[in-house]
Structure formats: C-alpha cells, structure tokens
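See structure below.
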Amino acid sequence: MAMEMRLPVVRKRLGEGLGRETKKHLVVPGDTITTDTGFMRGHGTYMGEEKLIASVAGSVERVNKLICVKALKTRYNGEVGDIVVGRITERRRSAEDELAMRGFLQEGDLISAEVQAVFSDGAVSLHTRSLKYGKLGQGVLVQVSPSLVKRQKTHFHDLPCGASVILGNNGFIWIYPTPEHKEEEAGGFIANLEPVSLADREVISRLRNCIVALVAQRVMLYDTSILYCYEASLPHQIKDILKPEVMEEIVVETRQRLLEQEG
Amino acid sequence: MAGLELLSDQGYRVDGRRARELRKIQARMGVFAQADGSAYIEQGNTKALAVVYGPHEIRGSRSRALPDRALVNCQYSSATFSTGERKRRPHGDRKSCEMGLQLRQAFEAAVLTQLHPRSQIDIYVQVLQADGGIYAACVNVATLAVLDAGIPMRDFVCASSAGFVDGTALADLSHVEEAAGGPQLALALLPASGQIALLEMDARLHGDHLEQVLEAAAQAARDVHAVLDRVVRQHVREASVLLGD
C-alpha cells in the first residue's frame, strides 16, 4: 500500500505570483466611504452622523447613486430568481401536505429550486414549478462560499466533458451524469437509480476536484472556468489534483486561459 | 515574587518594554475553511483563536429568538496547556461563563444585530497560551473573526488591559505584571467613535489615578486598532487581487 506524507511548510501567500494591484476602493468597518449625503446606502454600509460608514471589510461598489460594500465572504442572501440547491431538513406537518407531498419529497432529499419571494427577515420562499427543478438523484455535492458563484443567465450547464452541473447561488454545487433523454412526464420527482458507468464517475470526480482547486485559489465559478480547469487537469491523475502544487499549476493555467479569452 | 521590579528607574518593565508600549501583535484571518469566519492572534506570548458561525437560525428553543435582532452567543474556553501548570477546565465554570458574558457585551455593542432578526451569531474563542491580557486578546481575535465572516459591524472592537505601578499607568499587562497584584483594568473600545463597549476592573484604585489608567488603556486600544486595521486591509487586498477586477 503506497503512503504519501508531507512535512509542514510555510504557507505561501495566495496571489503573490499574480503581481497586479487592485484598482478597487477597499474599506474596513468604521471607515468613512463618503460625506456626500446624496447617495443611497446599500448593503455593507450604515449612516452615522452625516457620513456613510462601511460595516464590512470589502470593496466599495457604486452603481449610479447607490453605494454598497461587497464583503469577501458572506452568508447567502436570497434574491428572487436565484437557483438554489438544498437538502430538506424539516417540513410542515398538515393533513393536505401529508397526502400530497409525502410521496414525492421526504426529509433528507436534495432538491433544486428557484427563489420565489424573500421575506423581510431574510427567509426565502422556494418553488419547483418547472420541470427542470425537483429532486436530485445520483451525483456529487460540493459546498463552496456563495460569493464565489458568478451570477449568470442560466445555472444549469451540460458540460462537453460528459457531465452536467447545477451552480446553486447559495454555494451548493451539484455535479451529476448528463441524462440521456429528458423525462418529460416524471417532471423531476422520480430519482434515477440506474448504475452510473465508471467513465461518467471519473468525469464527475475530476470535476469535483477541479472545483475544490478553483475555490482554494478563489477563482469565480462559472461554466467556462470549470471547463478550462477540467481541461488543464487532464494530464494529472484525479487524486493528484488535490495536492497543493498541482492545484496551483492547474489554476494558474486556467486563469491564463480565462484572461486570453477576455482580452 | 518579592523584590521583582515591575518598573525600573529608567522606565523599563520586566520584559524591556516602556510603560505604554504594547507587545508585538501578529494576526491572521481565515485560518479555518469550515467556519464562516475565523482568526488567530498572538499578543506577545498570549495566543488565541476565534471561530464564528452565523448568522443562522436559532438552534434549540425557538422561543429565545428576538423578533427584531440577532442573538449573539459567545463562548470562551481555555486549553488545558495554556497556563504554566496543566489544568483541566470544565466547560461552564464560572470564569468561562463570565468571559463569555463580557465578550457578548462587547460584541452586542458593535455588531449590527438589527439586520438579522430571529437569528443567532455564535462566537467561540479559545485561548491556547495565556500570558496576561486574556480578555483583550479574546476581543481582538473575535473582532477579526467576525470581520472574516462578513457580519456587519459598526466598527472594530479593540481591547487592552492597563495597570498602575509606582504612579505610572502601564498598558498591555503580561502575566507577571497581573500576578503582582496591582490594580488592573480591561477596556474594550470602538476606536472610530471612541465609545467604550466594556470597562471592567475588580481591584482597588484611588479615584485620582483612574483617569490616567483609563487614558493608557484607551490609547493602547487605539494602537491595537492600528495593527488590526493593517492586517484586515492586507487580507482584503490579497483576496481582491485573487478575485480579479
């Protein structure tokens, strides 16, 4: 049985190799953002004696008259139209609920849904009123920080490498084998329990490790970045992707390709 | 220890510092990936770790939920190897509870709890090595952890201890100075506004000297703020560079 051991090394500061300075206005709590009272205050700020003061540590974002501070790491704040992936932990126990839903969804099930409404105290109301939402069957779940999931038009992607991925806005990412044919009648509540082939499972494992590598280096997650990272990781074995040097190498290559694609 | 000079004639303390000088502070944010926020601090030989979870739904009894703001729950724990003699400290003993309450008082003053009604914010602090200024180190590391978690706060909460020896106020006491038995006070401050979040002293101090000692503690807290401010800005800058423009 082969064993690998590592000695502790001084942690390298992330971003050293990037060598570029940020142009953003960075603030910490207590900093005055502006004394101009014409601005509306957004998240991450509060009003204190004629000044707008930051309440989180992050970068200032200004959209016309609205100023907000985007923190580095935040808990997920629901917004209408977001896609979320989550696990059912508790359910209401009422008579009609028992009759209607028990057959389909139980406690412990993983589902994908869309945010319908947000209450004033921050709670969100979800709906699965479309065939693309519903119970999730076989696949792998990766939990990342919500701030790393890029907002896009669609969060359901069928990647060309042979698997599909759902990028939940709440930071829950679901990787699953691409279904061969869309189940129109079932509408997403019947779990597909057929065995998944080894090739598909390898693709899914590789994708999962790539996502973990991207998150460790704080790269925004979207279909292109995940795909480039997957392609950059192909020369390595799946389990090697989690090694720090390999992780760094793959992500550097991914960043380069993303920059080339933008410019 | 009889005969130990806490303040020499030339104005040097036991560890070579001047009266108002702070110990060296080193801090790091984001040390645990699993927690919402985490931080580690070393003030001289005092080392402390803080972990923050939240805001999340109230665990346990829903009746404790406050309808208009978040509940701040602080827990303090001290490692068995943190003091000179290894001592097992049961959870829930008096000192831990009191520290927890004092931390809660400091953070309820600073965290904008109205933004998260009916939820709970958990702050867990553990002292790994105790060399005086425990409360101050706990407050400082917890501030960094709360900032790391992205929980909105009015301002930093910076704390320092202060004592009084031979007519001079000393800032940032070490264990030797605390054990000598003189008066000592702990102060937690919101630096930008100068508001005091917590002031604690359980010793006898003549009223004439109070202002001097208080001023020493406040200045020390502001000095701590300068260091923590630098640490947070560096952390934000690094992460910002990584995420790209």
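Naming: A, B, ... by sequence-line order, numbering from 1 per chain. From a predicted model like this one, the values you see are computed outputs, not experimental measurements.
Side-chain N/O atoms of B:D122 and B:H56 include a donor and acceptor closer than 3.5 Å. Side-chain contact check for A:S125 and A:Q116: at least one donor-acceptor pair (N or O, by modelled atom type) lies under 3.5 Å.
Interface remark: B:R154 contributes backbone and side-chain atoms alike to the contact with chain A (heavy atom separation under 4.5 Å). For A:L72, the part lying near chain B is the side chain, with the backbone staying farther off; criterion is any non-hydrogen pair under 4.5 Å. Using a 4.5 Å cut-off between heavy atoms, B:P55 contacts chain A through both its backbone and its side chain. There is no contact between B:D68 and chain A, counting heavy-atom distances below 4.5 Å. Contact annotation for B:I151: only backbone heavy atoms (N, CA, C, O) come within less than 4.5 Å of a heavy atom of chain A. Heavy atoms of A:A123 lying under 4.5 Å from chain B are absent altogether.
Look at A:K243 and A:E249 and you find no salt bridge, because none of the NZ, NE, NH1 or NH2 atoms lies under 4.0 Å from a carboxylate O. Using a 4.0 Å cut-off between a side-chain N of Lys or Arg and a carboxylate O of Asp or Glu, A:K73 and B:D36 do not qualify as a salt bridge. We find that B:R118 and B:E57 are not joined by a salt bridge, their nearest charged nitrogen and carboxylate oxygen being 4.0 Å or further apart. A salt bridge does not link B:D172 to B:K24: none of the charged nitrogens lies less than 4.0 Å from a carboxylate oxygen.
A distance-only check finds no donor-acceptor pair linking the side chain of A:Q217 to the backbone of A:E248 [under 3.5 Å].
Applying a 4.5 Å heavy-atom cutoff, the residues of residues 74-82 of chain A that approach chain B are A:T74, A:R75.
Listed options B:P152, B:A192, B:A33, B:S119 were ranked by heavy-atom pairs under 4.5 angstrom with chain A; first place goes to B:P152.
Sorted pairs that involve residues 19-55 of chain B and meet ring-ring contact (aromatic ring centres under 6.0 Å, His included), not counting sequence neighbours, are lacking altogether.
The side chain to side chain contact (heavy atoms under 4.5 Å, CB included) test with A:L52 singles out one residue from A:T35, A:T45, A:T32, A:D36, and that residue is A:T45.
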